[in-house]
Amino acid sequence: MPQASYPYAIGRIRVLENKLLNNDKVERMIEADTPADVLKILAESEYGTGQELASAHDYEKLLAAELRKVYDFIEEVTPDKELTDLFWLQYDVHNLKVLLKARAIGGGDEPLMDTGSIVSDSLKAAVYKGDHSDVPPFVSEVLREIDEKYGERFDPHRIEVALDKAGYKHIFNVLRKKKNAFLQEFFQKRVDLINIKMLLRVKGLGEDAGFLSSMLIPGGTIADELLIKALDEPVDKLVYALRDSEYAQVVALGVRAFERDGSLTVYERLADDFLLHFVKSRSFDPLGFEAIAGYIMAKENEIKLVRLIMVGKINNISTDKIRERLRDVYV
Amino acid sequence: MELGQILALIGVALSVFVAGIGSARGVAIVGQAGAGVVSEDPDKFSQVLVLQALPGTQGIYGFLIGFIILIRLNVFGGMVSVSPQTGWLFLIGSLPIAIVGLISAILQAKVAAAGVGLIAKRPEEVGKAITFAVIVETYAVLALLASFLIVYFIPVA
């Protein structure tokens, strides 16, 4: 077991950053003729754990294995597990959503992510058997709350919102204790961007202000009132209201695209990219958490990118179209 | 033993151990960063080693000043008599390298650790990585000079 420290972890990360897919490789993947050719390029970059895929359609297995590799690596070198766990929390939340849904429809064997901070068997025990002994207090709390409120009638939407909120509440509680200014800022930005997305989604659904305000996640820097007010106004007002904020560009481009074709894809990618750049711009400190966060995000982003290319190749989408979908953000 | 001698020996102790702590911490920081890089890429060992050694100099400077004080006190040949005032002067003379040594070693280690990250990406730029770290050394050298001038020219009866 190597001694876990920031310089050691970041030293290892600096070498691994060389193995991230560069523009050349991405370009070759886009130009590849078949999905299998894309996988060959990934194999050159030591993607996954070298397992054989029965067919190119099993690429999700490869991506899951790659994410798990990142997870294992971070677990090995993390100088502060409480902080790195905050990045894996989203997978716990995802697992809880899957389990609660499965419980509601009486299903059993649901595929869970193995990159959560909580062992999935513990989550299963908590959801199915009410055995909360191996889950952290915040999970236990939100599960009780969900059982009390929605025990009678399964309401997937409200349950998801409750889980997301509980996750972020936990994150900000940990950060208050840890006093890590960088992560505080990072998660505030993430919450802001998610809240703007919620606003757009609610706008698209044509729901009312009460619905939106029940969904907004606390902890961000944008006031809830601003978002709720924006619900009944043209989107230009929102773009104007945020023109001096750092989200100006994301909102301007993302919201326009949403207005044009009602899709949040562009916004989501711009938001991801915004966060990635924020972390990258800070990740030069050889003794800080920034570089660790930067590596996790870079890998997550890379995996999303590979997924986009694979989906395109499998569905015979033309090279130009795939490039167009990636161009907005990645090139 | 006289008060003056005690004060001068405290000066020796300060310059050696305070600057030494700085160097030990500094070398440890760069060593950890280096171990991280080398565990993924063993070929980088020699380049990383140069950077690790850099924050070690402050401890040597501290030892040097301590040694000069010891010589001035003639510790090895029956200690000379030192007035309290002269003792204070020796103690003050040890402070520049003690304090600047401690701080500059740790700061230099951060620059060197960043340099280790630079080598991980671009091994051909090792010279630049070393240059960045060496510039921090300037202030340790100035502190060494100040300490040296003080402890060397203090009149001892």
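Letters go in sequence order (proteins before strands), and every chain restarts at 1.
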Mark yes when over 12 heavy atoms from residues, nucleotides or ligands other than [X] sit less than 6.0 Å from its [atom1]; otherwise mark no.
{"X": "B:Glu2", "atom1": "CD", "value": "yes"}
{"X": "A:Lys25", "atom1": "NZ", "value": "yes"}
{"X": "A:Gln249", "atom1": "CD", "value": "no"}
{"X": "A:Phe182", "atom1": "CZ", "value": "yes"}
{"X": "A:Phe73", "atom1": "CZ", "value": "yes"}
{"X": "A:Arg68", "atom1": "CZ", "value": "yes"}

Check whether A:Leu287 gets within reach of chain B through its side chain, its backbone, both or neither, counting any heavy atom under 4.5 Å.
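For A:Leu287, side-chain heavy atoms alone lie under 4.5 Å from chain B.
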
With only heavy atoms counted, which part of A:Leu16 is less than 4.5 Å from chain B, the side chain, the backbone, both or neither?
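Answer is side chain: those atoms of A:Leu16 sit under 4.5 Å from chain B.
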
Considering heavy atoms only, which positions within residues 97-121 of chain B lie below 4.5 Å of chain A?
B:Lys110, B:Ala113, B:Ala114, B:Gly117, B:Ala120, B:Lys121

To the nearest 0.5 Å, tell me how far B:Asp41 CG sits from A:Lys19 NZ.
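One gets 8.0 Å once the value is rounded to the nearest 0.5 Å.
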
